[in-house]
Amino acid sequence: MRRFLLFSFLAAILTAQDRLPPIAADRMTEAQKKVVSEYKDLRKTELTGPPWSVMLRSPDWVIPALEMRLHVANQPVLGNRLTEFAILIAAREWTNNYEWNAHSAAAARAGLSDAVIADIAAGRRPTNMEGDEEMVYDFCAELLHNKSVSDGTYARALARFGEAGVVELANIQGYYVYLSMIMNTARSPLPAGANPQLGRFPK
């Protein structure tokens, strides 16, 4: 029993460990300092936390990834509500609490219903979705689970959102899975004072 408790304690510590914490300014390379400055110029804020602080280990990735983030924020092809919905689907699939905590609030502000957000958080297909939300959910769920999109789901998304919208949905899933993979690998913690809203994805 004592050995089991010790193992559980060590496992909890390991799970909570921030493997790739922010790098102190005086320990950055010149390449990292340059990217931090470029990030600030583009986003008008400091580079202080994940996923950017994790990516900084490979600084050439930071600005291209940030430019994709700025596109999602500033030029949402699908509008804010559906964009945030698609982001939540990816964050839930990868149980990434950092992105979920940021985007669940943004999704609510954009008009996504509390019931739909709660269903996604619980890992189930939402009930009472609007028609365009249903198309987004089916497209994203198929792409994540089946690694492809069926002809029927593709045709419905294409008719509603056009080719740019279809590509945007695939881009959002790929991008936010990418960010989730980085932060899940690093075991990046939530901002101070934030609580995780997602448990392990139900099987």
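Atoms considered below: every heavy atom in the structure, side chains included; atoms not considered: hydrogens, waters and symmetry mates.
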| Taking all atoms of both residues into account, what is the closest heavy-atom pair of I23 and M28, and its distance? | O-CE, 3.3 Å
| request: With the side chain counted from C-beta on, respond yes when E84 and R109 share a heavy-atom pair under 4.5 Å apart, and no when they do not. | output: no
| remark: CG of L144 to CD of Q173, rounded to nearest 0.5 Å, is 4.5 Å
| Member of I117, L112, L88, T83 meeting the side chain to side chain contact (heavy atoms under 4.5 Å, CB included) criterion with H103 | L88
| query | Can you name the side-chain contact (heavy atoms from CB on, under 4.5 Å) partners of M181, sequence neighbours left out? | reply | W94, V177
| task | Please check if atom CG in N128 has more than 12 non-hydrogen atoms from other residues, nucleotides or ligands closer than 6.0 Å. | result | no
| What pairs with N74 under side-chain contact (heavy atoms from CB on, under 4.5 Å), at least two apart in sequence or on another chain? | L70
| query | Given side chains that start at C-beta, do those of R27 and Q32 come closer than 4.5 Å, heavy atoms only? | reply | no
| Atom CG of N146: over 12 foreign heavy atoms under 6.0 Å | yes
| query | So, D119 and R124, do they make that salt bridge, N to O below 4.0 Å? | reply | yes
| query | So, for P126 and I120, which heavy atoms are closest and what is the spacing to 0.1 Å? | reply | CG-CD1, 3.6 Å
| Derivation of the side-chain contact (heavy atoms from CB on, under 4.5 Å) call for V72 and I87 | CA-CA 10 Å; V72 171; I87 292 169; 4.0 Å; yes
| said: Do E163 and V167 make a side-chain contact, defined as non-hydrogen atoms from C-beta onward lying under 4.5 Å apart? | reply: no
| query | Can you tell me if E46 uses its side chain to pair, donor with acceptor, with the backbone of K40 under 3.5 Å? | reply | no
| Are the side chain of S104 and the backbone of W100 linked by a donor-acceptor contact shorter than 3.5 Å? | yes
| query | Nearest 0.5 Å, what's the CD-CG distance between E168 and L82? | reply | 11.0 Å
| query | Listed by chain and number, what are the side-chain contact (heavy atoms from CB on, under 4.5 Å) partners of A157, not counting sequence neighbours? | reply | F139, F161, V166
| field | hydrophobic_cluster_shared for M68 and L47, side chain cutoff 4.5 Å | value | yes
| message | Contact between Y137 and V116 at the side-chain level, heavy atoms closer than 4.5 Å - yes or no? | response | no
| remark: Taken to the nearest 0.5 Å, the spacing of L158 CG from M135 CE works out to 11.0 Å
| message | Could you check whether any side-chain heavy atom of E30 comes within less than 4.5 Å of a side-chain heavy atom of K33, counting everything from C-beta outward? | response | yes
| So, for A91 and E99, which heavy atoms are closest and what is the spacing to 0.1 Å? | CB-CB, 4.1 Å
| request: Keeping the roles fixed (side chain from R19, backbone from T185), state whether a donor-acceptor pair exists under 3.5 Å. | output: yes
| said: Could you tell me if S150 and E142 have a donor-acceptor pair between their side chains, going purely by distance under 3.5 Å? | reply: yes
| query | Donor-acceptor pair, N97 side chain versus L198 backbone, under 3.5 Å? | reply | yes
| Hydrophobic cluster membership, L190 vs M183, 4.5 Å side-chain cutoff | yes
| Are any of the side-chain heavy atoms of W52 and V36 separated by less than 4.5 Å? | no
| Pairwise distance CZ(F85) to CG(D132) - rounded to 0.5 angstrom | 9.0 Å
| For E133, what residues pass the salt bridge (Lys or Arg N to Asp or Glu O under 4.0 Å) criterion, not counting sequence neighbours? | R81
May I have the list of side-chain donor-acceptor pairs in residues 53-66 shorter than 3.5 Å, sequence neighbours left out?
residue, atom, partner, partner atom, Å
S53, OG, G49, O, 3.2
R57, NH1, L20, O, 3.3
R57, NH1, P21, O, 2.9
R57, NH1, S53, O, 2.9
R57, NH2, P21, O, 2.7
S58, OG, W61, NE1, 3.4

| task | Answer yes or no: is there a side-chain heavy-atom contact under 4.5 Å between C140 and L169? | result | yes
| What are the two closest non-hydrogen atoms of S188 and D18, and how far apart are they? | CA-OD1, 4.2 Å
| Looking at residues at least two apart in the chain, or sitting in another chain, which of them share a side-chain contact (heavy atoms from CB on, under 4.5 Å) with T45? | Y39, R43
| query | Less than 4.5 Å apart, any side-chain heavy atom of I89 and any of R92? | reply | no
